[in-house]
Amino acid sequence: MNLLDYMSEQKKEKESPLAFRLRPKTLEEIVGQEHIIGEDRLLYRSIKADKLGSVILYGPPGTGKTTLARVIANTTSAAFMQLNATSAGKKDMEGTIAAAKENLGAYGRKTILFIDEIHRFNKGQQDYLLPFVEDGTVVLIGATTENPYFEVNGALLSRSAVFELKPLSKENIKTLLMRAIENVDNGLGSYQAILEKDAMDFLADASGGDARTALNAVELGVLTTPRGEDGHIHITIEVAEECVQKRMLRYDKSGDNHYDTISAFIKSMRGSDPDAAVFYLARMLNAGEDITFIARRIMICAAEDVSNADPQALVVATSAAQAVERLGMPEARIVLAQAAAYVACAPKSNSAIMAIDAATDYINSHPDCRIPAHLMDAHYAGAGKLGRGIGYQYAHDYPNHYVRQQYLPDEAAGQHFYQLSDNGYEAEIKAYRKKTGIEEND
């Protein structure tokens, strides 16, 4: 590096955003993530011993994935190389692998390859890395905000340990904010700023566990707020609210937040909690989730979790799906809320899904069950000669429109796939079947 390059790097370092300047250089300086880098944890021990294998670091923005990779770079004796999957092309990858091979072959030195946003690599790019990860040419550190079990090739994933970084706690964020305010060398200490308690509490809450969001906000506040009469810059709650115009909703329609939120939505309806159902519905709508997708999930829940305990639930859900397509947003939100609340409040039964799954399992294990001859079609020429339809009893000719006869194949006779619950309308169906003698004859 020549003098001009050195001066450029020094200037860049000083003028970089606060979040970049405050990045820890050692494991001990990292705030949060104790569940994976606590002193007794595998990842901590591996880094300290310089015996790190390939890993995938997965977590929301601002939780320290790149920071952890840089700490590893400062700790390891291996060569450290970095690519960003959003901009790296084939030539970049080939050049990196060539350098790693030279490190290993000529100097006996392993190479740690950090790939930021690894989920941005397509399948072919991920496949290209596989043999070099497998033979030890590179030790891979992949960072991703997307669930790696959805976005990273299974073969590459199976050769890596996955560590999930979680949103920082409010106390973690407060620790970083105070570090930023007090640090003279890399932080804002020379500004003599005072971060008031309610402002700090607000920023810790509004950041949603994202350190970068909190640090960017406090830096903006310090750089744009005039000094008070006492010579200090006071970051008040009003200043903090101005610096964070809107709370960021942590939701990605194409990633695991999408799956986690819809899962919570369905489980809330199944659990008969309309408040939670509407809460998660609002969360999805606020993030721009596809309203037809939400409507389909409500229909499925109505059939799977309400079933005939309230047959009207599926009618409401289906009507809501049609209305959503015709209305669009913002009116569709009302329709979806009505349907979700109805399904959540309805009596519950999983009789339908249990029945179809039990019947499917039976068919898979008894593939040769034959339909009884008396139930077969008797309306074509020659059917009678083959015994088709002979002996069938027409139910409407008998009292209560019911007559006892065998409907299941001989092999399955006596099997009970559909079990009525004692909830809602299913209890009435069960009572009717017992009253008319159907239930005891089944």
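Just so we're clear, the structure is a prediction, and the values are computed from it rather than from any experiment.
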Does atom [atom1] of [X] have more than 12 heavy-atom neighbours, drawn from other residues, nucleotides or ligands, at distances under 6.0 Å?
X	atom1	answer
R120	CZ	no
Y425	OH	no
K170	NZ	no
L223	CG	yes
I334	CD1	yes
M81	CE	yes
E242	CD	no

State whether a side-chain donor-acceptor pair under 3.5 Å links [X] with [Y].
X	Y	result
E171	S169	no
D260	S263	no
N308	Y418	yes
K348	S272	yes
S351	E426	yes
D305	N350	no
N84	T86	yes

Would you say the side chain of [Y] lies within less than 4.5 Å of the side chain of [X], judging by non-hydrogen atoms?
X	Y	answer
I112	I72	yes
R41	E34	no
I141	L113	no
V343	D310	no
V133	L156	yes
R70	L68	no
N216	L18	no

Nearest non-hydrogen partners of C345 and P274, listed with the distance: SG-CG, 3.8 Å
For S349 against A309, the heavy-atom pair lying closest together: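 Heavy atoms of S349 and A309 come nearest at CB-CB, 3.9 Å.
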L83 and D116: CA distance, side-chain angles, deciding distance, side chain to side chain contact (heavy atoms under 4.5 Å, CB included) verdict: CA-CA 6 Å; L83 291 175; D116 203 6; over 6 Å; no
Interatomic distance, K174 atom NZ to L195 atom CG [nearest 0.5 angstrom]: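 If we round to the nearest 0.5 Å, K174:NZ and L195:CG are 10.5 Å apart.
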Stepwise side-chain hydrogen bond (donor to acceptor under 3.5 Å, both in side chains) check, D273 with S268: CA-CA 5 Å; D273 190 333; S268 298; 6.0 Å; no
Side chain to side chain donor-acceptor pair (under 3.5 Å) partners of Q338, counting only residues at least two apart: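 Q338: no side chain to side chain donor-acceptor pair (under 3.5 Å) contacts found.
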Residues forming a side chain to side chain donor-acceptor pair (under 3.5 Å) with E39, sequence neighbours excluded: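 E39 satisfies side chain to side chain donor-acceptor pair (under 3.5 Å) with no other residue.
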Using 4.0 Å as the upper bound for N to carboxylate O, is an ion pair formed by [Y] and [X]?
X	Y	value
E428	K435	no
K430	D422	yes
K91	E94	no

Test log, rule side chain to side chain contact (heavy atoms under 4.5 Å, CB included), inputs L130 and R159: CA-CA 9 Å; L130 183 60; R159 290 159 177 80; 3.5 Å; yes
With sequence neighbours excluded, residues passing side-chain contact (heavy atoms from CB on, under 4.5 Å) with A193: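 With sequence neighbours excluded, A193 shows a side-chain contact (heavy atoms from CB on, under 4.5 Å) to I181, V222, I233, given in chain and number order.
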side-chain contact (heavy atoms from CB on, under 4.5 Å) against V162, all qualifying residues, sequence neighbours excluded: I56, P148, Y149, L157
For F417, all residues meeting ring-ring contact (aromatic ring centres under 6.0 Å, His included), sequence neighbours excluded: Y362
Pairs meeting criterion side-chain hydrogen bond (donor to acceptor under 3.5 Å, both in side chains) with involvement of residues 188-197, two or more places apart: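 Qualifying pairs: K197-D201.
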F279 and F265 aromatic centres sub-6.0 Å: no
Whether F150 and Y259 hold their rings parallel, tilted or perpendicular, with breakpoints at 30° and 60°: tilted
Worked verdict on S421 versus N423 for side-chain hydrogen bond (donor to acceptor under 3.5 Å, both in side chains): CA-CA 5 Å; S421 73; N423 288 345; 4.6 Å; no
